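Here's the structure, in C-alpha cells; my notes come after.
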Amino acid sequence: IIMPDVRASPSSWYVATAADGGSVSNSGTDIAHPFLTIQKAINRSSSSDIIYVRRGVYTYHNLISINRSGTATNYFTIMNYNGEHPIIDGTYIPHYNYLNSSMEIKASNYVRISGLHFNHSYMGGITVRSALNHIRIDNCTIGNCSDFAIKVQYGSYIWIENNYIYNNHNNWSSIGGEDGISEECISIEHTTQGYIFGNTLYKNHCEQIDLKGGCSWCYIYDNNINDTSDYRVFKWSGWYYGGVGIYIDARGIEHNISIYNNKIWGNYTAIQLNNEISTGHLENISVYNNVINITNTTGGKYRSDGRYGI
C-alpha cells in the first residue's frame, strides 16, 4: 500500500502596521488581513512558512524570537513584501546581557531573513545562536545600533550576504559593564562553513568583521569596508575610535579561513590576524587579492596597536 503524501505546503503570512491595516484580530493569511506584529506571525506559523512584512516602522519592547525551522528546499523566511521597506526600531528592546538584539534566531535551522531594516537597537541588530545550521541573512540594512549589527555563536553553514551595515557600535544607549558594549560589528564565533560576502560596512566604530573562538572553513570575500570613524566611542574599559576591517582571532584553533577580493579603506588597520589567548593558534589562513587603502588619517587613532595594511 502506497500512502499519499499529505504534508501541508508552506503557508504565507502577512504583517503590516496599523496604517496599512495590521490588526491583532486579523487572520494574517492574506495581504488584506495582516497581523500587527511579526511575533504573532511567527507564533502562528509552521515549518518552512514565509512571513511578508510590509512598509512602515515597527517599534517593539520585546525581541523578535524565531524558533521555527525550514528545510533545504523551503527555508523558514521572514522578508519584506514586494520591495517595500519595513523598519524594525529596536530603541526599547531588552538589554540584560551582551547577546540581546532586535531579532534572535535560536536553535533553529534553515532560516532566512531578507530585506528588513534594523534601526537604533538598544543593543544589537540580529543574534544567531545555539547550534544552528543553514541560516541566511541577506539584503538587510542594519544601522545606528548601540552595539553590534550581527552576532553568530555556534553555527554552521551561515550566510551573511549583500547587507548594508552602518554607524553601529556608537553606544548611544550608554551600555556599561564588562558584559556591555562589545568590540565587533559582525561577530562570528565557534562557526564552521561561514560565508560573509557582498556586504557594505560603513563607519562602524569597532572591528568590522570578526571571526573568533575556533572558526573553520569560513570565507570573507567581495565586501566593501570603510573603517573610518569620525568620533570616539566609550566602552566600559576605554575609548574606541574605529576598528580593524577584518579581524581573525584564534581563541582556539582557527583554521581554513579565506579572505579575498575585499576593498578596505579608511583610517584603521585593514586586516589583522591575532591570538588573544595563549592556547589558541591559526592554521591555513589565506589572504589574497584584497585592495587596501588606509591613508586617511582624519580623526586619528586612540589605541596603541598601530595602523597597518595587514
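Just so we're clear, the structure is a prediction, and the values are computed from it rather than from any experiment.
- Ring orientation note: the planes of His255 and Trp217 are nearly perpendicular, at an angle over 60° on the 30°/60° scale.
- For Arg68, the salt bridge (charged side-chain N to carboxylate O under 4.0 Å, His left out) criterion is met by no residue, not counting sequence neighbours.
- Side chains of Thr192 and Ser156: a donor-acceptor N/O pair is absent below 3.5 angstrom, by distance only.
- Side-chain atoms of Glu104 never come within 3.5 Å of backbone atoms of Ser102 as a donor-acceptor pair (strictly under, hydrogens ignored).
- No continuous path of ILVMFWY side-chain contacts below 4.5 Å connects Tyr81 to Ile78, so the two sit in separate hydrophobic clusters.
- Side chains of Tyr247 and Asn274: a donor-acceptor N/O pair is present below 3.5 angstrom, by distance only.
- Tyr157 OH: 12 or fewer foreign heavy atoms inside a 6.0 Å radius.
- Relative orientation of the Tyr110 and Tyr75 rings is perpendicular, given thresholds of 30° and 60° on the angle between their planes.
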In a table with atom names and distances, give each donor-acceptor pair under 3.5 Å that connects a side chain of residues 194-202 to protein atoms at least two apart or in another chain.
residue: Tyr195; atom: OH; partner: Gln193; partner atom: OE1; Å: 2.4
residue: Asn199; atom: OD1; partner: Asn162; partner atom: N; Å: 3.3
residue: Asn199; atom: OD1; partner: Asn163; partner atom: N; Å: 2.9
residue: Asn199; atom: OD1; partner: Asn163; partner atom: ND2; Å: 3.0
residue: Asn199; atom: ND2; partner: Ile160; partner atom: O; Å: 3.0
residue: Asn199; atom: ND2; partner: Phe197; partner atom: O; Å: 3.2
residue: Asn199; atom: ND2; partner: Asn223; partner atom: OD1; Å: 3.1

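- Proximity of Val53 to Tyr58: side-chain heavy atoms (C-beta onward) are separated by under 4.5 Å at one or more points.
- For the pair Glu161 and Arg136, the salt-bridge criterion is met [side-chain N within less than 4.0 Å of a carboxylate O].
- For Lys263, the NZ atom is loosely surrounded, since the number of other residues' heavy atoms within 6.0 Å does not exceed 12.
- Using a 4.0 Å cut-off between charged side-chain N and carboxylate O, Glu189 and Arg251 make no salt bridge.
- Both Phe35 and Ile42 are members of a single hydrophobic cluster when ILVMFWY side chains are connected at heavy-atom separations under 4.5 Å.
- No continuous path of hydrophobic side-chain contacts links Leu63 to Leu132 [ILVMFWY only; heavy atoms under 4.5 Å].
- Between the side chain of Asp249 and the backbone N or O of Ile277, no donor-acceptor pair lies under 3.5 Å.
- Of the residues Ile264, Val287, Leu273, the one that meets the side chain to side chain contact (heavy atoms under 4.5 Å, CB included) test with Ile246 is Ile264.
- For Asn119 and Asn144, the side-chain atoms include at least one donor-acceptor pair closer than 3.5 Å.
- Taken to the nearest 0.5 Å, the CZ atom of Arg44 stands 11.0 Å off from the CG atom of Asp49.
- Without hydrogens or angle criteria, Asn100 side chain to Met123 main chain gives no donor-acceptor distance under 3.5 Å.
- Between the side chains of Asp138 and Ser114, at least one donor-acceptor pair of N or O atoms lies under 3.5 Å.
- Looking only at atom types and distance, the side chain of Asn80 has no donor-acceptor partner in the side chain of His117 under 3.5 Å away.
- If you check the side chains of Ser27 and His33, you find no donor sitting under 3.5 Å from an acceptor.
- The cluster map of Ile, Leu, Val, Met, Phe, Trp and Tyr, joined by side-chain heavy atoms under 4.5 Å apart, puts Ile292 and Ile225 in the same cluster.
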